[in-house]
Visitor: 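Take this structure first; my questions come after.
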4 protein chains.
Amino acid sequence: MSSPRDRIIEITFDLFAKQGYNSTGINQIISEAGVAKASFYLHFKSKEDLCVEFLKVRHQYWFNELYTFSSGTNDLPERLIRAFDFLIEMNKKENFRGCSFLNILSEIPVDNVKILNVIQSHKADLRNYFLDMLKDEVLSDHIYMLFESSIIESQLFRSNELIEKSKKIITNLIP
Amino acid sequence: MSSPRDRIIEITFDLFAKQGYNSTGINQIISEAGVAKASFYLHFKSKEDLCVEFLKVRHQYWFNELYTFSSGTNDLPERLIRAFDFLIEMNKKENFRGCSFLNILSEIPVDNVKILNVIQSHKADLRNYFLDMLKDEVLSDHIYMLFESSIIESQLFRSNELIEKSKKIITNLIP
Amino acid sequence: MSSPRDRIIEITFDLFAKQGYNSTGINQIISEAGVAKASFYLHFKSKEDLCVEFLKVRHQYWFNELYTFSSGTNDLPERLIRAFDFLIEMNKKENFRGCSFLNILSEIPVDNVKILNVIQSHKADLRNYFLDMLKDEVLSDHIYMLFESSIIESQLFRSNELIEKSKKIITNLIP
Amino acid sequence: MSSPRDRIIEITFDLFAKQGYNSTGINQIISEAGVAKASFYLHFKSKEDLCVEFLKVRHQYWFNELYTFSSGTNDLPERLIRAFDFLIEMNKKENFRGCSFLNILSEIPVDNVKILNVIQSHKADLRNYFLDMLKDEVLSDHIYMLFESSIIESQLFRSNELIEKSKKIITNLIP
DNA sequence: CATGAATGAGGTTTCATTCAT
DNA sequence: AATGAATGAAACCTCATTCAT
């Protein structure tokens, strides 16, 4: 059996993504991880600290999945389309729970800089992901914004409709 | 002095928009509204009910402000640009708190259909707002998605940068 | 049966005096008072608040008992002696638990002004009690200090020895 | 670098005197001493044990300082006055934190005999300090009590006023 | 229509101590 | 002799909601 710390992170990964930050209590985490409460606080200074750790793990996981999903082609438009198909895949896997980073952004007080920084950093990386591919800041940000909307609107309407529409739109945008 | 119900709604309007749904407790609401606890539950079956009411009021308010801000021109591109300028105005007024509807979407459990419906309805109206103007579903959804991203990204980065970029992009999109 | 608030105060009165401030938890108080936790916080903003309330009640009680015990004579030396006999009485009744005010003074952080003020106020009243009787500040403070020591030393040694010695001393001090 | 045990004692000496017994956690002690948790319990059976050790070290320290401060004169009244001036010096050095022994007396449960004995022993030594000087039990206990009050009242009122008053009083007491 | 007291369930965090290595 | 992870129990406090009046 894995270490308490690992079990906490594993369970947190599931619960935060599924239920959100505020709806997931320490009690549920330690209970499902089979860990004593004091053990939790041995490894994480606070729930906020756990959140930062979660976001970092999620960041790793999410980009890994994206890379894996998009690899296998060097065709630029194809790679872009695959990024959006990745969203469809994630919606299927996670039942339209949207973006953990944006969800937590909505849950934290405006002055929580520690968490905000991690979220900003994640999205900055995503912006760069598109910029690296397209080498055109206006175009890449354009697509980044369609990508972000695609996540949110599919979460809102529990549907991939606008993701599909985005795919069509960007097909026409790319030279 | 206005009725207890009105005072509750008025205060809720401020607090939910400013602090979010979960961070605003019933106690704070009734205390700032100067209303007894039981009086609150006389007018609202639950906090969820109040949330629905809040979203309806917010819906009214938000579209009124948008209409007011966009009126005064019949030029199509100009009206579109003004919609985005309205976001800048709101960010200034509400300190980059983002969209109350999307924020609450992130805060509620996935199975809360009652609230979800109100949020979906609001965003459907917004989609129609652009569709009515543009009469082209692909184009209007395209702009709708840029609009949604503009809200979220400005909330995330506490900056109007991507709103301004969107304005430039749509200028080139409109025939 | 009395109100929850009264039961809380009654139980607190016993527990704080018997066990001290830090050794008495909210859980024990509400459990012995037969009151829900939220009911406690309905009436007291915090444990610190309860402490202030306790000290005020204790202040009332203690001076009432002192007055009662010392009444029945107008002879000055006799009244003074009775004040010290009152300490013996209290030690018997409360098993040498000493002074609640001084005990709590030792338990709070140095910067807790709210509680400190109440304690200072109590002791200032006691100093004035002797000053009013003796009309001589040096003499009254002299006796006040013997009185304070009498409390503490009897608590420390679980004995009335130094109270008795103080009685002999002040008999020689009074003209 | 000194041994873990010594570092623990050194840090404890500072923290217990500054923050009190209950407000100082084992975690803070080992963290500031740079010692592992288990190493602590290797040297001390319990926090209570550490407390006993602390009181013994404090006892040594306190009397040493008192002797040092009072030496340099063989004049009896002068030596007595210096004892009270020593209190003023300690208040200055330790910011009116009072007597560690009496503070801990207030913090421990009434039935903690182990710690109680050490405190009683310290104060018995202090009583003997005055008795050895004065050879008159009534007078020495009289002054001992003024001394004890002086400590406590200066802690309570964050002022040396009653110490100064005690000095005047005892000047008149000594033949 | 209005009230304020009362609640059960849960929140996050910290305590002194022990165990396996 | 030394360690750091793990713990059960308890700390103080807040949540949305209901009840008796």
Side-chain angles (χ1 to χ4, degrees), chain A residues 3-8 21-31 33-51, chain B residues 3-5 7-8 21-31 34-51, chain C residues 1 3-8 21-31 33-51, chain D residues 3-5 8 21-31 34-51:
Chain A
S3 81
R5 188 175 199 279
D6 289 347
R7 292 205 303 279
I8 289 171
Y21 178 59
N22 285 315
S23 301
T24 305
I26 301 288
N27 284 332
Q28 189 184 8
I29 291 172
I30 62 163
S31 140
V35 161
K37 205 170 284 189
S39 301
F40 174 88
Y41 282 95
L42 180 69
H43 295 293
F44 303 96
K45 204 163 56 49
S46 64
K47 195 190 177 187
E48 187 192 359
D49 245 47
L50 176 66
C51 184
Chain B
S3 82
R5 189 175 197 280
R7 291 206 304 280
I8 290 170
Y21 177 60
N22 283 314
S23 300
T24 305
I26 298 288
N27 281 332
Q28 188 184 6
I29 291 172
I30 61 162
S31 142
V35 162
K37 188 78 71 83
S39 300
F40 173 87
Y41 281 95
L42 200 66
H43 294 294
F44 302 95
K45 200 163 60 54
S46 64
K47 193 189 180 187
E48 188 193 3
D49 252 45
L50 176 66
C51 184
Chain C
M1 205 183 192
S3 81
R5 188 174 199 281
D6 288 348
R7 292 205 303 280
I8 290 171
Y21 177 59
N22 284 315
S23 300
T24 305
I26 301 288
N27 283 334
Q28 188 184 8
I29 291 172
I30 61 165
S31 140
V35 160
K37 203 171 285 187
S39 302
F40 173 89
Y41 282 95
L42 180 69
H43 296 293
F44 303 96
K45 204 164 56 50
S46 65
K47 193 190 179 187
E48 188 192 359
D49 247 47
L50 175 67
C51 184
Chain D
S3 82
R5 189 175 198 281
I8 290 171
Y21 177 59
N22 283 314
S23 300
T24 305
I26 297 288
N27 281 332
Q28 189 184 6
I29 290 172
I30 61 161
S31 141
V35 162
K37 187 78 73 81
S39 299
F40 173 88
Y41 282 95
L42 200 67
H43 294 293
F44 302 95
K45 199 162 61 54
S46 64
K47 194 188 180 189
E48 187 193 4
D49 252 45
L50 176 66
C51 184

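A note on names: the letters A, B, ... follow the listed sequences, proteins ahead of strands, and every chain is numbered from 1.
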Visitor: Nearest whole angstrom, please: distance from the C1' of dA6(E) to the CD1 of I8(C).
Guide: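 Taking atom C1' of dA6(E) as the reference, CD1 of I8(C) is at 10 Å.
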Visitor: Under 3.5 Å, is there a donor-acceptor pair between the side chain of K47(C) and the main chain of Y21(C)?
Guide: yes
Visitor: So, OP1 or OP2 of dA5(F): does either fall under 4.0 Å of a side-chain N or O from S39(A)?
Guide: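 S39(A) to dA5(F) OP1/OP2: no side-chain N or O under 4.0 Å.
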Visitor: Please map the stems of DNA chain E, keeping only stretches of three or more Watson-Crick or G-U wobble pairs with both distances under 3.5 angstrom.
Guide: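 Correct response: E:2-21 with F:2-21.
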Visitor: Can you give one letter per nucleotide of nucleotides 14-21 of chain F, 5' to 3': B if a protein heavy atom sits under 4.0 Å from the base, S if only from the sugar-phosphate, - if neither?
Guide: BBSBBB--
Visitor: Nearest heavy atom decides the nucleotide; on that basis, is G34(A) or A36(D) closer to the 5' end of DNA chain F?
Guide: A36(D)
Visitor: Would you kindly give the NE2-to-P distance between H43(C) and dT7(E), to the nearest whole Å?
Guide: 8 Å
Visitor: Just how far, in rounded Å, is P of dG10(E) from CD1 of I29(A)?
Guide: 16 Å
Visitor: To the nearest 0.5 Å, what is the distance between CG on D49(C) and NE2 on H43(C)?
Guide: 13.0 Å
Visitor: In Å and rounded to the nearest 0.5 Å, what is the CZ to CD1 distance from F40(B) to I26(B)?
Guide: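 Between F40(B) CZ and I26(B) CD1, I get 3.5 Å after rounding to 0.5 Å.
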Visitor: Can you tell me how far the CD1 atom of I29(D) sits from the CD1 atom of I8(D), to the nearest 0.5 Å?
Guide: 8.0 Å
Visitor: Whole Å only: how far is the CG atom of L42(C) from the C1' atom of dG8(E)?
Guide: 15 Å
Visitor: Could you grab the distance from atom CD1 of I30(D) to atom OG of S39(D), nearest 0.5 Å is fine?
Guide: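 Here the interatomic distance stands at 8.5 Å.
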